[in-house]
Amino acid sequence: MQYQFNEIEKKWQKYWEENKTYAAKDNSVKPKYYVLDMFPYPSGAGLHVGHPLGYIASDIFARFKRLQGYNVLHPMGYDSFGLPAEQYAIQTGQHPAVTTKVNIEGGVDKQGNVIAGYRNQLDKIGFSFDWDREVRTSDPNYYKWTQWIFKQLFNSWYNKTTDKAEKIDTLIEQFKINGNVAVNAVCTDVVNFSAAEWNSWGEEEQQKVLMNYRITFLSDTWVNWCPALGTVLANDEIKDGVSERGGHPVEQKLMRQWSMRITAYAERLLSGLDGLDWTDSIKDIQRNWIGKSVGASLRFTISPPSGESEGAIEVFTTRPDTIFGVSFMVLAPEHPLVNEITTPEQKAEVEAYQKAASLKSERDRQSDIKNITGAFTGAFVIHPFTGDKVQIWIGDYVLASYGTGAVMAVPCGDQRDWDFATHFGIEIKNIFKDKDISEGAYAEKDAVIANSDFLNDLPAKEAIKKAITEIEKRGIGKGKTQYRLRDAVFSRQRYWGEPFPVYYKNEVPYLIPSECLPIELPEVEKYLPTEDGKPPLGNAKNWHWDEKNKKIVSVPVGQKPPSGIWGLELNTMPGWAGSSWYFLRYMDPTNNNEFVAKEKVDYWQNVDLYIGGAEHATGHLLYARFWTKFLYDLGYIPFDEPFKKMINQGMIQGVSEKIMMNKTFTTETNRVLLFNPNKSASPDQRIVMPYVDENDGYQDAHIYYSKDVADNVGFETVEKHVPISFVQNHEINSESMIGLSHMEGFKKAVFVCEGGFWYKGAFKRFFEGSDKFITTPEVEKMSKSKYNVQTPDELVEKFGADTLRCYEMFLGPLEQHKPWDTQGITGVHGFLKKLWRLYHSGENESFYVDETPILASADGSPHPSGELEGAKSLHKTIKKVKEDIERFSFNTPVSAFMICVNELTALKCNKREILEPLLIILAPYAPHIAEELWAKLGNTESITYAVFPKHNDAYLVESNHKYPVSFNGKMRFMLELPADMSKEAIEKEVLANEQAQKYLEGKTPKKVIVIPQKIVNVVV
RNA sequence: GCGGGUGUGGUGAAAUUGGUAGACACGCUAGACUUAGGAUCUAGUGCUUCACGGCAUGGGGGUUCGAGUCCCUUCACCCGCACCA
């Protein structure tokens, strides 16, 4: 009987669904285990083979944990708000909700494309997700609670004294009694006020003040505005100065926006990393992003003669110990004091410099760091310790946005300061003992300080402490910790996102009452911004709040609303809002009264294993940690880190065969010599008809097989077109691409075959033997535009889900990036077929197992018979598979299974006692075939909740050990000796061996190293 | 520049604590079986040498009886950050 994987897989997938095999119980005597995947954005392109990689690994782990007796929560959902569905809406008018539904559930889109649907694609792979817990962030029942969490953030402030977020009421209480003088909060700059003042203010005034304290707050901020996308972007959505999505330019713009006071959590987000089982790389990226620097903030008084200002310049430094090395000051060109302090003589030069700096984009400024530029303001500050006059310069190496926008320049200890001083001929003071700074600054932190009054002879570390003490004593500054982390902009000028539960009365925001949530996205006619530049929600007719009747009402566009009716917020929330807490909702996905019930979150706790891409290091992973800490502060959840252990799966890259044409490429017009995977085909059968679509341009010439060739060749697959894209080479112009008769000039082309995975070898063979082409594989990102996408569906169709699952794991370590290559899939498929045959060794290959037990003697030690070889093979495999999965090495168990099946096949083993446990350990990797054979063995329950077998060491004990015998570390021969032989006896035995005599050459060995059960090394 | 990672046959890779480098697969070679092969089975396959042997884990050095593994140094590639004071 053949291994009919298609039938078997359909059968069991249906069984699992009908029996809710993978439903997690919300309480259980079993220990809990929470395995989570980063949920996908359901794009219209569907899944390619790279997407399931992490899901397969997490599924194997979830199944493994179930077999070990855990109550496993393994859910899946969709991060379904996002830009692509909105852009599709702009193009086609199809509502993003429809697009999203089709992308998830399958169907036909507005342009007639058949969409397989994420769910269908996922189901085919046989995942053990508990689909009853599915969440979609764009579902009103879900974003109701995203809005609710927003309200909690709005109604909270960060108390630095208790070091946690608290309800805003506790702050208002303090204001009423003491004003804000004693309040120790993380807030936007506020002036001090008394209780009397607070109490005297009206509602509006009080709200304005409170806004400075709220954890989510509205403010005019400089934001990253992306004109092409028509929206603002968070810092983590920008890469290299352009938008991460689309690569559009980004500019700075002052806008009234919601922000999240994530900076309040900077220290906890940093220190919390230590306890997480994440890779160092991700932790470092987060540490870097938070960017903590410890130092001092100090004021330099501006020297009176140079300006009427009596002000001071505040600087931040991490090296207060170098205070006596200050040789000049540098302000950012945008620093507000520059205009005030510049002397009339320097005015022209400074203004010219400011203007030049303002014209440079952020990007130019970064790429132009080798050019040292600056201007002297003519002004001076007084050195707080020496009383010396110190020149004030401006220079664009000082950033307005970091610290105070001003630095005290210590050229002897900072290379940038040194370069600046050297360039402009400013005198450099050296305060490092015995350090030569004539060639450059001494930036190490191990120097001893000199020429520095009270800091003399102190090592830097102590000098820093002493300097801060002294600075604070004199009241000219204080120790300070600075973070690079900025508050996160939370408004997006988009349609397809969560609406804010906010309405405005005279520009003061108020929250929609919780019982009125969710505030559902309104219908709009156009998904574009309004004509007067308002976000798309400005187009909504029904988008006002009736405060008294507590409902959304319609006010015609452009009309002034009647009293008691107020306009709702027009922005929507960013993509990361919904994904910052979704792992909590899986615990209680249908709860209408709470975002998650207390007893459920108390039971499930945080995620034990989180698998997903490393690209979310500074976005999702930071925001989710932030919200988790916030919800913890307010007592809603019992933990303050969401993901205990995380593994970042590597990217699966696409491979394109590049064709190098090294000789004249002769064909008839519109014909191209191509390959035929059939080795025996005659040369002329290898000719296929190309069709070049001029509209595709030279980069995307498509080549189609002609029908007659397809017939000759006899492959069904060739009826599909095989796209070939020709990569433009610098020696080639686009013209030569239009007609294939001009192809002589071509040097290089990319070949990618759609569904062509299995005949790549033949393809290569043909071209290598030809004088026309040489192909070389090139690794690229897998994407539709590169024609190198392979969907899991086609592989499941051809080889089955179990093969796909095992193969994706077999490719290599999970974390590693790897090019997709299907050549090896036949090996894995062959293994499953071989496994199947192991259970079908009866007559006519019918199902057969031998029920007679392997005999064991009374003391539990195995019976000495030939049958034991099978048991040994099995138990060795049990041990390895368990240990490997536990250390998240998902690739190595596949080879262990192969070895085991190869051995059992060679032994013609068909004992139930061996074959039954083998299925259990294999089930996480290949659940369908395992279920099928498990059922054939007579089991009536799913293998999902079987017990993972324990290996028995008794089967693994060897009576003899084959010792590799080395001479001077070089392995020379093997010698089989009893395993329990003593060191002395082994040494004697080895030296007496005739082969050893040859290597000893009559000499007496200097030393013999014997490691029992391992090796013998003779030193001659 | 700083931080993190990777480097092993023709290919993907194994080698968990220093102990036979290349398991397991792919590919390739030869053969068997077959109407056929993208089926199945057998044998071989790191490089080099007629052979004994020699050489091999990016390069160079070191520690050790013994190094892919530990230490120093250097190169290449990938990822992140980047005048962050």
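A note on names: the letters A, B, ... follow the listed sequences, proteins ahead of strands, and every chain is numbered from 1.
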**Request:** Could you tell me whether R486(A) contacts a base, only the sugar-phosphate backbone, or nothing, with contacts defined as non-hydrogen atoms closer than 4.0 Å?
**Result:** nothing
**Request:** Would you indicate what F810(A) reaches in the nucleic acid, counting non-hydrogen atoms under 4.0 angstrom: base, sugar-phosphate, or nothing?
**Result:** base
**Request:** Send over the distance from I282(A) CD1 to rC81(B) C1', rounded to a whole Å.
**Result:** 13 Å
**Asked** Applying a 3.5 Å limit to both distances, which nucleotide forms a Watson-Crick or G-U wobble pair with rG18(B)?
**Response** none
**Request:** Would you indicate which nucleotide in rC24(B), rA85(B), rC65(B) comes nearest to any side-chain atom of V1019(A)?
**Result:** rC65(B)
**Item:** Sugar-phosphate only, base, or nothing, as touched by N891(A) at under 4.0 Å among non-hydrogen atoms
**Value:** sugar-phosphate
**Message:** Measuring only between side-chain heavy atoms, which start at C-beta, is L298(A) closer than 4.5 Å to V315(A)?
**Reply:** yes
**Request:** Look at R837(A) and rC41(B) and indicate whether a side-chain polar atom (N or O) is within less than 4.0 Å of OP1 or OP2.
**Result:** yes
**Message:** Which nucleotide wins on minimum distance to the side chain of P964(A), given the candidates rA85(B), rU20(B), rU16(B)?
**Reply:** rU20(B)
**Item:** Residue mapping more 5' on RNA chain B - nearest nucleotide basis, I285(A) or V894(A)
**Value:** V894(A)
**Prompt:** Watson-Crick or G-U wobble partner for rG1(B), using a 3.5 Å limit on both distances?
**Reply:** rC81(B)
**Item:** Protein-nucleotide distance (L832(A), atom CG; rG38(B), atom P), rounded to Å
**Value:** 20 Å
**Prompt:** So, do F328(A) and F420(A) have ring centers that fall under 6.0 Å from each other?
**Reply:** yes
**Asked** Mind checking the C1' distance from rU69(B) to rU57(B)? Whole angstroms is fine.
**Response** 10 Å
**Request:** Measure the distance from CG on D884(A) to C1' on rU16(B) and round it to the nearest whole Å.
**Result:** 8 Å
**Item:** Listed nucleotide nearest any side-chain atom of E883(A), set rU16(B), rU20(B), rC83(B)
**Value:** rU16(B)
**Asked** Starting at NZ of K880(A) and ending at C1' of rA15(B), how long is that distance when rounded to a whole Å?
**Response** 9 Å
**Prompt:** Are H829(A) and Y807(A) close enough that some pair of their side-chain heavy atoms sits under 4.5 Å apart?
**Reply:** no
**Asked** Taking a pair as Watson-Crick or G-U wobble with both distances under 3.5 Å, which nucleotide is matched to rC52(B)?
**Response** none
**Prompt:** Which is true for M974(A) with a 4.0 Å heavy-atom rule: it touches a base, it touches only sugar-phosphate, or it touches nothing?
**Reply:** base
**Fill in**
Between CG of L399(A) and P of rC81(B) the distance, given in whole Å, is 16 Å
**Fill in**
rA13(B) -> Watson-Crick or G-U wobble partner, both distances under 3.5 Å, gives none
**Asked** Which nucleotide sits closest to the side chain of P813(A): rA85(B), rC26(B), rA14(B)?
**Response** rA14(B)
**Asked** Between N371(A) and rC83(B), does any side-chain N or O lie under 4.0 Å from OP1 or OP2?
**Response** no
**Pair partner, rG44(B) [Watson-Crick or wobble, under 3.5 Å]** = rC28(B)
**Request:** Could you check if a side-chain atom of L832(A) sits within less than 4.5 angstrom of a side-chain atom of Y3(A), using non-hydrogen atoms only?
**Result:** yes
**Student check: side-chain heavy atoms of R972(A) and V965(A) closer than 4.5 Å** = no
**Prompt:** rC24(B) C1' sits how many Å from H829(A) NE2, rounded?
**Reply:** 18 Å
**Atom C1', compared across rA25(B) and rC79(B): separation rounded to whole Å** = 29 Å
**Request:** Ignoring hydrogens and angles, answer whether the base of rC65(B) and the side-chain atoms of N1017(A) contain a donor-acceptor pair closer than 3.5 Å.
**Result:** yes
**Asked** Any side-chain heavy-atom pair from T318(A) and I464(A) closer than 4.5 angstrom?
**Response** no
**Item:** Integer angstrom distance from the C1' of rC75(B) to that of rU64(B)
**Value:** 26 Å
**Prompt:** Is there side-chain contact between F300(A) and V390(A), with at least one heavy-atom pair below 4.5 Å?
**Reply:** no
**Asked** Side-chain contact, heavy-atom cut-off 4.5 Å: I323(A) with P320(A)?
**Response** no
**Message:** With rounding to the closest Å, how many angstrom separate the P atoms on rG9(B) and rG46(B)?
**Reply:** 13 Å
**Message:** Tell me the interatomic distance from F897(A), atom CZ, to rA23(B), atom P, rounded to whole angstroms.
**Reply:** 20 Å
**Prompt:** Say you pick atom C1' in rG22(B) and the same atom in rU73(B); how far apart are they, in whole Å?
**Reply:** 28 Å
**Prompt:** Taking the six-membered ring for Trp, are W393(A) and F424(A) parallel (under 30°), tilted (30 to 60°) or perpendicular (over 60°)?
**Reply:** tilted
**Request:** Give D419(A) one of three labels, base, sugar-phosphate or nothing, depending on what nucleic acid heavy atoms sit under 4.0 Å from its own.
**Result:** nothing
**Request:** Please report, rounded to the nearest Å, how far the P atom of rA85(B) is from the CD1 atom of I313(A).
**Result:** 20 Å
**Qualifying residues under side-chain contact (heavy atoms from CB on, under 4.5 Å), relative to K962(A), sequence neighbours excluded** = M974(A), E976(A)
**Fill in**
Value for CG (N891(A)) from SG (C806(A)), rounded to nearest 0.5 Å, stands at 12.0 Å
**Request:** Check the chi torsion on rG22(B) and let me know: syn if it falls within 90° of 0, anti if not.
**Result:** anti
**Asked** Which whole number of Å gives the distance between the P atom of rG54(B) and that of rA39(B)?
**Response** 41 Å
**Item:** V1016(A) vs I1009(A) side-chain heavy atoms within contact, under 4.5 Å
**Value:** no
**Request:** Check whether the ring centres of F799(A) and F5(A) lie less than 6.0 Å apart, and answer yes or no.
**Result:** no
**Separation of the C1' atoms in rG18(B) and rC65(B), to the nearest angstrom** = 12 Å
**Message:** I want to check one thing: is the phosphate of rA82(B), taken as OP1 and OP2, less than 4.0 Å away from some side-chain N or O of R484(A)?
**Reply:** yes
**Item:** Of residues 291-298 of chain A, the positions that come close to RNA chain B - non-hydrogen atoms, cut-off under 4.0 Å
**Value:** S293(A)
**Prompt:** Taking for each residue the nucleotide of RNA chain B with the nearest heavy atom, is it Q2(A) or T618(A) whose nucleotide lies nearer the 5' end?
**Reply:** Q2(A)
**Message:** Please classify the nucleic acid contact of K962(A) as base, sugar-phosphate, or nothing, using heavy-atom distances under 4.0 Å.
**Reply:** nothing
**Message:** What's the gap between rG68(B) and rA56(B) when it is taken at their P atoms, as a whole Å value?
**Reply:** 10 Å
**Item:** Per T826(A) side chain, nearest of listed nucleotides rU20(B), rC24(B), rC26(B)
**Value:** rC26(B)
**Prompt:** Touch check for S895(A), heavy atoms < 4.0 angstrom, all strands: base, sugar-phosphate only, or nothing?
**Reply:** base
**Fill in**
So, with a heavy-atom separation below 4.0 Å from RNA chain B, the residues of residues 1006-1014 of chain A are K1007(A), I1009(A), I1011(A), K1014(A)
**Asked** Quick one: which of rC81(B), rG4(B), rC24(B) gets closest to the side chain of D284(A)?
**Response** rG4(B)
**Message:** Taking any heavy-atom pair under 4.0 Å as a contact, classify Q816(A): base, sugar-phosphate, or nothing.
**Reply:** sugar-phosphate
**Item:** Counterpart base for rC70(B), defined by Watson-Crick or G-U wobble contacts under 3.5 Å
**Value:** rG62(B)
**E267(A) and K292(A) ion-paired at < 4.0 Å** = yes
**Item:** Who pairs with rA76(B) - Watson-Crick or G-U, where each distance is under 3.5 Å
**Value:** rU6(B)
